[in-house]
Amino acid sequence: MQAGAKMVMLLEWWSGTDCTLYTDPENYHKYGKENAIVILNHNFEIDFLCGWNFCERFGVLGSSKVLAKKELSYMPIIGWMWYFLEIVFCKRKWEEDRKTVVQKLLNLRDYPENFWFLIHCEGTRFTEQKHQISMQVAEAKGLPKLKYHLLPRTKGFAVTVQCLRNVEIRGSCTEHLKTISHFLELLVALLCTDNKRIPLEDVPKDEQECSTWLHKLYQEKDAFQEEYYRTGTYPAVPIVPPRRPWTLLNWLFWALLLLYPLFKLLINMINSGSSLTLATFAFVIVIASVGVRWMIGVTEINKGSTYGNNDNKQRKGNKKQK
């Protein structure tokens, strides 16, 4: 989780971002000391990083898992890291995903450390277009409309609960830090999260009942979000988890280990006076810069997937065929 630790270091120490957790003080001491399924919002561009931030605050960053779209496994560095860390990838086509997702989830039951399994039940990031389509589906299904969330995709959650019946669930309303560019520009931000600890035995085992339960949870999350926008606070006790030094120390260690030989190499290349060497070095720097910018661009909402939009087009196509 080295790459994840570097990104959390940027969020916590470079940008000065702090986080406030609104929760029951009686449950606070249990966080990080037990397995958990963490239900995150998917509203902003770096909500995954906000989830990692809370994992780090409670000492489970290295053992955190996530249900992520298959395309991310091909992303340089982060995707490769996730592949070797037993991250559960899905193609978001249930007929193809069921077998592989179930097997990977079952493997986590024997994981030797406490882990948090992060899941975005909405399946895709919030946009006005996707929200409008999602609420049309809600109306067609007779479900209450949500103001700040998309309808949750319930199949993946139900299977996760069935496979990880030995863990606890937390539902959380998150994030008021929106883009990677924000913290790269030294923006000091405040991350606020409402966190509710829910024993897994309170979640129905039946798939249909579990689906109904999840819809009710999102209605509750929507009400919490409304309360936050209206009052600036969630209806619980605010607690600021202490910032741990390990991500900063990790970054300093690798910086001291790698920067000196790289700097020495750069000086030798400049002193060599070779035009080909300097051109090669400049080319590598440009490629690295373009690669970093591309990776940042992957998080931008306006460049996000059309998942959710395509579902609506498919439903319209099916209706025309009928």
Side-chain angles (χ1 to χ4, degrees), residues 1-21 31-33 35-36 38 45-66 68 72-87 111-118 177 179-191 193 240-271 280-296 298-299:
M1 201 65 177
Q2 290 290 339
K6 303 299 185 298
M7 297 180 71
V8 171
M9 188 284 298
L10 288 175
L11 184 71
E12 289 192 325
W13 297 94
W14 179 272
S15 73
T17 298
D18 207 348
C19 58
T20 302
L21 177 67
Y31 296 162
K33 297 179 181 178
N35 295 335
V38 183
E45 294 177 352
I46 58 168
D47 38 22
F48 73 95
L49 186 52
C50 297
W52 285 357
N53 176 254
F54 274 97
C55 289
E56 167 56 23
R57 298 278 174 130
F58 293 101
V60 291
L61 176 61
S63 59
S64 62
K65 310 299 176 185
V66 66
L72 292 177
S73 65
Y74 306 116
M75 187 175 178
I77 302 176
I78 293 179
W80 306 335
M81 172 193 71
W82 281 3
Y83 178 83
F84 289 108
L85 286 175
E86 300 181 87
I87 298 302
Y111 198 77
E113 301 176 3
N114 290 331
F115 68 89
W116 284 8
F117 189 81
L118 313 181
L177 174 65
T179 69
I180 281 185
S181 300
H182 278 183
F183 70 85
L184 289 180
E185 294 168 359
L186 298 177
L187 173 69
V188 177
L190 176 66
L191 168 62
T193 297
V240 179
R243 184 184 303 173
R244 291 156 31 102
W246 308 120
T247 55
L248 179 60
L249 293 175
N250 180 287
W251 183 89
L252 289 173
F253 170 79
W254 287 106
L256 292 173
L257 184 67
L258 299 176
L259 288 182
Y260 174 74
L262 289 175
F263 180 75
K264 189 174 181 179
L265 175 63
L266 174 60
I267 295 300
N268 291 336
M269 292 176 66
I270 293 175
N271 291 336
T280 301
F281 178 75
F283 178 75
V284 171
I285 293 297
V286 170
I287 292 298
S289 299
V290 171
V292 170
R293 187 63 193 89
W294 174 80
M295 288 170 53
I296 293 174
V298 170
T299 73

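All residue numbers in this chain count up from 1 along the given sequence. Quick caveat: nothing in here was measured; it's all calculated off a predicted structure.
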Using every non-hydrogen atom in the two residues, find where [X] and [Y] come nearest and quote the distance to one decimal.
{"X": "S63", "Y": "E113", "result": "CB-OE1, 3.8 Å"}
{"X": "L61", "Y": "A5", "result": "CD2-CA, 4.0 Å"}
{"X": "L11", "Y": "N53", "result": "CD2-CB, 3.6 Å"}
{"X": "G32", "Y": "V60", "result": "O-CG1, 3.8 Å"}
{"X": "R57", "Y": "P241", "result": "NH1-O, 2.7 Å"}

Which residue pairs pass the salt bridge (charged side-chain N to carboxylate O under 4.0 Å, His left out) test when at least one of the two sits in residues 242-268, sequence neighbours left out? E56-R244
Could you tell me which residues satisfy side chain to side chain contact (heavy atoms under 4.5 Å, CB included) with [X], sequence neighbours excluded, listed by chain and number?
{"X": "V240", "result": "D18, T20"}
{"X": "L248", "result": "M9, W13, L252"}
{"X": "L257", "result": "F253, W254"}
{"X": "I287", "result": "F283"}

Determine whether W116 and F54 satisfy the following criterion, ring-ring contact (aromatic ring centres under 6.0 Å, His included), listing intermediate values before the conclusion. CA-CA 10 Å; W116 284 8; F54 274 97; 8.1 Å; no
Going through the checks in order, is the side-chain contact (heavy atoms from CB on, under 4.5 Å) test met by S64 and V38? CA-CA 10 Å; S64 62; V38 183; over 6 Å; no
Roughly how far, to the nearest 0.5 Å, is OH of Y260 from CG of L265? 12.0 Å
Which value, rounded to the nearest 0.5 Å, describes the distance between L259 atom CG and L266 atom CG?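 Answer rounded to 0.5 Å: 11.5 Å.
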Can you tell me how the ring of Y111 sits relative to the ring of F115, calling it parallel under 30°, perpendicular over 60° and tilted otherwise?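 Taking F115 first and then Y111, their aromatic rings stand perpendicular (interplane angle over 60°).
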Dump the intermediate steps for side-chain contact (heavy atoms from CB on, under 4.5 Å) on T247 and W52, then the final yes or no. CA-CA 12 Å; T247 55; W52 285 357; over 6 Å; no
Using ring-ring contact (aromatic ring centres under 6.0 Å, His included) as the criterion, list what pairs up with F281, not counting sequence neighbours. none
